[in-house]
Amino acid sequence: MEERNDQMQVRWEKLQRWREGSRAYPNTFRRDAEAGDLQRRCADMDAAALEQEPISARLGGRLMTRRVMGKASFADLQDGSGRLQLFLSRDELGEGAYAQFKELDLGDVIGVEGTLFRTKAGELSLRVHFLQLLAKALRPLPEKWHGLSDAETRFRQRYVDLIVTEQTRRTFQIRSATVAALRQGLAAARFTEVETPMMQPIPGGATAKPFVTHHHALDMTLYLRIAPELYLKRLVVGGVERVFEINRNFRNEGISTRHNPEFTMLEWYEAYADYHIAMDRTEQLIRAAAQAALGQTKIVYQGQEIDLEGAFARLSVAEAVRAYNPDLRAKNLRDPEVLAAKLQELGMPVQAGWGWGKRLIEIFEKTVETQLLQPTFIIEYPTEVSPLARANDADPEVTDRFELFIAGRELANGFSELNDPEDQAERFQAQVLAKEAGDDEAMFYDHDYIRALEYGMPPTAGVGMGIDRLVMLLADQPSIREVILFPHLRPEQA
RNA sequence: GGGGGUGUAGCUCAGUCGGUAGAGCAGCGGCCUUUUAAGCCGUGGGUCGAGGGUUCAAAUCCCUCCGCUCCCA
C-alpha cells in the first residue's frame with residue numbers, strides 16, 4: 001500500500017470533512033454549456049455586448065489554476081472542450097461558499113453556475129454565483145507550467161497526461177477524426193464494414209510471429225490474428241464485393257517507436273478492381289483524412305514538409321533501388337550473385353533460401369525506405385516476398401503489388417489479389433517449406449482458404465493501412481506510443 | 001542483444017573539487033476585490049532507484065543489479 005504524502009493527507013482530510021458535511025460525490029449537478037463552446041460563441045462579444053445580453057451558464061470541470069486575492073479570486077476551469085476563467089468574489093458568492101472555494105484543491109472536479117463577462121484584460125470569464133464540489137482530487141496534479149514530462153508516467157497514467165497535456169488531447173482528437181474520415185470515405189464508396197475473428201485457428205494474411213493462446217473447452221490452440229486478410233477475402237468470395245474492417249492486429253515481436261504488439265489496421269477489398277485502383281483510393285483516403293483531421297493536406301512531420309495534395313509518386317522496387325544505389329546496373333537486379341555482393345557490402349550477409357527477390361527487398365529496406373519522405377508508391381514487388389499477391393501477367397516474377405511510403409515509413413500495402421486457387425496452394429506450400437526450414441514468421445497452409453478460392457473469387461484488389469502510423473504522421477508524433485492511448489508497458493513494480 | 005542518456009521533494013529540475021541536500025511550482029499559515037506562470041511575508045516536506053565497496057566523510061568516485069529513455073541490430 002502506497003503511503004500518503006503530506007499533500008495527499010491534507011486532501012484526504014478534506015474528503016473526510018466533505019463526507020461528514022453533506023452527500024459526497026453527488027450526481028445531481030447538470031451542466032448546460034462547455035468552456036470551449038462558450039469561448040467560440042462569445043469570441044466577437046466585447047464587455048459591453050456581454051453586459052447588454054447577459055449569458056448565464058452551468059459548467060462542470062476541473063479546477064486547474066487559482067489566483068486568490070483576498071476577497072476575490074480568479075480560477076481556470078477545464079472541461080473536455082477547453083478552458084474558461086472563473087471569477088469568484090466573497091460579496092457575490094457569500095461568505096460560506098467563498099470559504100468553500102478557498103478550501104478546494106487544484107484538480108478538484110466542480111460544478112459552477114454564473115454569468116459571462118469580460119475582465120479589464122479582455123478575458124472571457126464566468127462570474128460565479130453557485131459552486132459545488134463534485135469529485136475530490138486526492139492526488140496533486142503535475143506542475144502547472146511544465147506539466148508532465150516523464151514519458152513512462154505519461155503512458156502509464158494516461159489519465160493524468162490527458163488532464164495536463166494539451167498536445168495529448170489533440171493527438172487523440174486527430175486519431176478519432178482520422179478513423180472517422182476513413183470510415184466515412186469507405187462508406188461513401190459503398191463499402192460494408194465487418195468484423196472478422198481476432199482469435200484464429202490458423203493465423204494468416206501476413207508473415208509475422210503470432211501470439212498463441214488456448215481454448216480450454218475445445219482444447220485447441222488459437223492464435224491472435226496477425227491480419228484479417230484471409231477472412232475478408234472469404235467474404236469477397238461470398239459476394240461482399242466491397243468490404244472493410246478497422247481493428248486490432250497482434251504481432252509477437254519487438255517493441256519500438258514504430259511497433260506496438262497490438263496495433264490498428266484498416267483493410268479493404270474491392271472486387272473487379274486492380275492495384276492501380278487501390279492506389280488511387282489509398283491516396284484519396286489519406287488526403288481526406290488529413291483534411292478532416294487537420295483541415296489541410298500540406299503537413300509538417302518532424303520539421304519536414306510533406307505534400308499530400310499532389311499525386312503520389314509511383315516507381316518500381318527496381319527503379320527505387322537503382323535510384324539510391326547508382327553502382328547497381330538495371331540488368332543485374334535479378335542476379336543473385338550481384339545482389340549477394342551488395343548485401344555483403346551493406347553488412348547483411350545472405351541467408352539460406354533467399355532468392356533474388358528477397359535479396360533485392362533487403363537492399364531496398366536498407367538503402368531506400370527511410371529516404372522516401374514524400375508520398376511514394378513502390379510497385380512491382382518480387383513474387384518471392386508476396387505470397388498473397390497476384391503475379392504480373394507480363395512478368396510473373398513480380399506481383400501487382402504496392403507499398404506506400406511517407407516520411408520514410410511504410411503506411412500501406414496493397415495488391416491485386418491472388419485468386420487462382422492452384423497458384424495460391426503452391427505459394428502456401430512454399431511457405432510451409434520455409435517454416436520447416438526455420439522461418440517462424442512463414443505462413444501456415446490454410447486449406448479452408450484454398451477451398452473458398454475454389455468457389456471462385458472475383459478479380460479483387462485489397463489494401464492494408466496502418467492506422468497508428470497514419471496518425472503519427474498527421475499528429476506529427478515521432479513514436480507509436482504517442483498515438484496509442486495505453487501502449488504496452490512492462491508491469492509496474494509492486 | 002550492442003551502445004548512449006537518465007533516475008534527487010507531489011511535479012519540473014539544479015547540486016561545482018567528495019565536506020550540513022537546494023530552487024520554482026504545488027502544500028501549509030498569513031496579507032491582498034481584475035488576476036491570468038498573479039504578487040508579498042512566513043513555513044513543513046527527502047530511503048538522492050537498490051545493494052555493495054573506497055574514504056575521516058559519498059547524491060557525487062568504483063562495482064553489481066533494477067527501472068526508464070533514445071539510437072543501432
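Each chain gets a letter, A, B and so on, in the order its sequence line appears, and its residues count up from 1.
With C32(B), C68(B), A37(B) as the choices, the nucleotide that has an atom nearest any side-chain atom of W145(A) turns out to be A37(B). Distances from the side chain of E152(A) to the nucleotides C68(B), C32(B), U33(B) place C68(B) closest. The listed nucleotides are U35(B), C71(B), G10(B); the one nearest the side chain of P140(A) is G10(B). Across C25(B), U35(B), G27(B), the shortest atom-to-atom separation from the side chain of K144(A) is found for C25(B). Ranking U69(B), U12(B), G27(B) by closeness to the F155(A) side chain, first place goes to U69(B). Residue Q7(A) has its side chain nearest to G10(B) when only G10(B), U12(B), A38(B) are considered. Residue T119(A) places its side chain closer to U34(B) than to any other of C11(B), U34(B), C70(B). Residue R67(A) has its side chain nearest to A38(B) when only A38(B), C68(B), C13(B) are considered. The side chain of L148(A) approaches C11(B) more closely than any other nucleotide in the set A26(B), C11(B), U35(B). For F87(A), taking side-chain heavy atoms from C-beta onward, the closest of the listed nucleotides C28(B), U34(B), U35(B) is U34(B).
As rounded to whole Å, 16 Å separates atom P of A73(B) from atom CD of E253(A). For the pair M8(A) CE and G45(B) C1', the interatomic distance rounds to 15 Å; values are reported in whole Å. Between the C1' atom of U36(B) and the NZ atom of K120(A) lies a distance of 14 Å, rounded to the nearest Å. Taking atom CG of D6(A) as the reference point, atom P of C25(B) lies 16 Å away to the nearest angstrom. Atoms CE (M69(A)) and P (U36(B)) sit 9 Å apart, rounded to a whole Å. Atom CZ of R4(A) is separated from atom P of G44(B) by 23 Å (rounded to the nearest Å). In this structure, CD of Q9(A) is placed 14 Å from P of G10(B), rounded to the nearest angstrom. In this structure, E143(A) places its CD atom 10 Å from C1' of C13(B), rounding to the nearest Å.
For the P atom pair drawn from A57(B) and G18(B), the interatomic distance equals 16 Å after rounding to whole Å. Straight-line distance between the P atoms of A37(B) and G19(B): roughly 39 Å, to the nearest whole Å. Taking atom C1' on both nucleotides, G30(B) is separated from U34(B) by 22 Å, rounded to a whole Å. For G2(B) and U47(B), the P atoms lie 33 Å apart once the distance is rounded to whole Å. On the C1' atoms, C28(B) is 33 Å away from C68(B), given to the nearest whole Å. Look at the C1' atom in both C32(B) and C41(B): the space between them is 12 Å, to the nearest Å. Separating the P atom of A21(B) from that of C40(B) is a span of 29 Å, rounded to the nearest Å. The C1' atoms of G15(B) and G22(B) are separated by 7 Å, rounded to the nearest whole Å.
Base pairing of U6(B) is made with G67(B), judged by Watson-Crick or G-U wobble geometry with both donor-acceptor distances under 3.5 Å. When both distances must be under 3.5 Å, the Watson-Crick or G-U wobble mate of C28(B) is G42(B). In this structure G22(B) sits in a base pair with C13(B), meeting the Watson-Crick or G-U test at under 3.5 Å.
Checked by atom type, the side-chain pair D79(A)/S81(A) shows a donor-acceptor distance below 3.5 Å. Between the side chains of T65(A) and R67(A), at least one donor N or O lies within less than 3.5 Å of an accepting N or O. Using a 3.5 Å distance cut-off with no hydrogens or angles, the side chains of Q78(A) and R62(A) do not pair a donor with an acceptor. Counting only N and O atoms by type, the side chains of Q477(A) and R175(A) include no donor and acceptor under 3.5 Å apart.
Phosphate proximity of A73(B) to K366(A): present, with a side-chain N or O under 4.0 Å from OP1 or OP2. Contact between the side-chain N/O atoms of K14(A) and the OP1/OP2 oxygens of C28(B) is found at a separation under 4.0 Å. Phosphate contact (OP1/OP2 of C13(B), side-chain N/O of S149(A), threshold under 4.0 Å): present.
Considering every non-hydrogen atom in both A33(A) and L59(A), the closest pair reads O-CD2, 3.1 Å.
For the side-chain contact (heavy atoms from CB on, under 4.5 Å) with Y25(A), the qualifying choice from L15(A), L134(A), L133(A), V109(A) is L15(A), the only one to do so.
Among the heavy atoms of the strands, none lies under 4.0 Å from R90(A). Within the 4.0 angstrom heavy-atom criterion, no nucleotide atom of any strand lies near V164(A). Using a 4.0 Å heavy-atom criterion, one finds that D150(A) contacts the sugar-phosphate atoms exclusively. Note on S73(A): nothing from the nucleic acid sits closer than 4.0 angstrom, heavy atoms only.
Judged by closest nucleotide on RNA chain B, H146(A) is the one of L104(A) and H146(A) placed further toward the 5' end. Checking T153(A) against R66(A), the closest nucleotide of RNA chain B that is more toward the 5' end is the one next to T153(A).
For E123(A) against U34(B), a side-chain-to-base donor-acceptor contact under 3.5 Å is absent.
Classification of the Y381(A)-F364(A) ring pair by plane angle, with boundaries at 30° and 60°, yields perpendicular.
Relative to the ring axis of F444(A), K435(A) places its NZ or CZ within 45° and under 6.0 Å from the centre.
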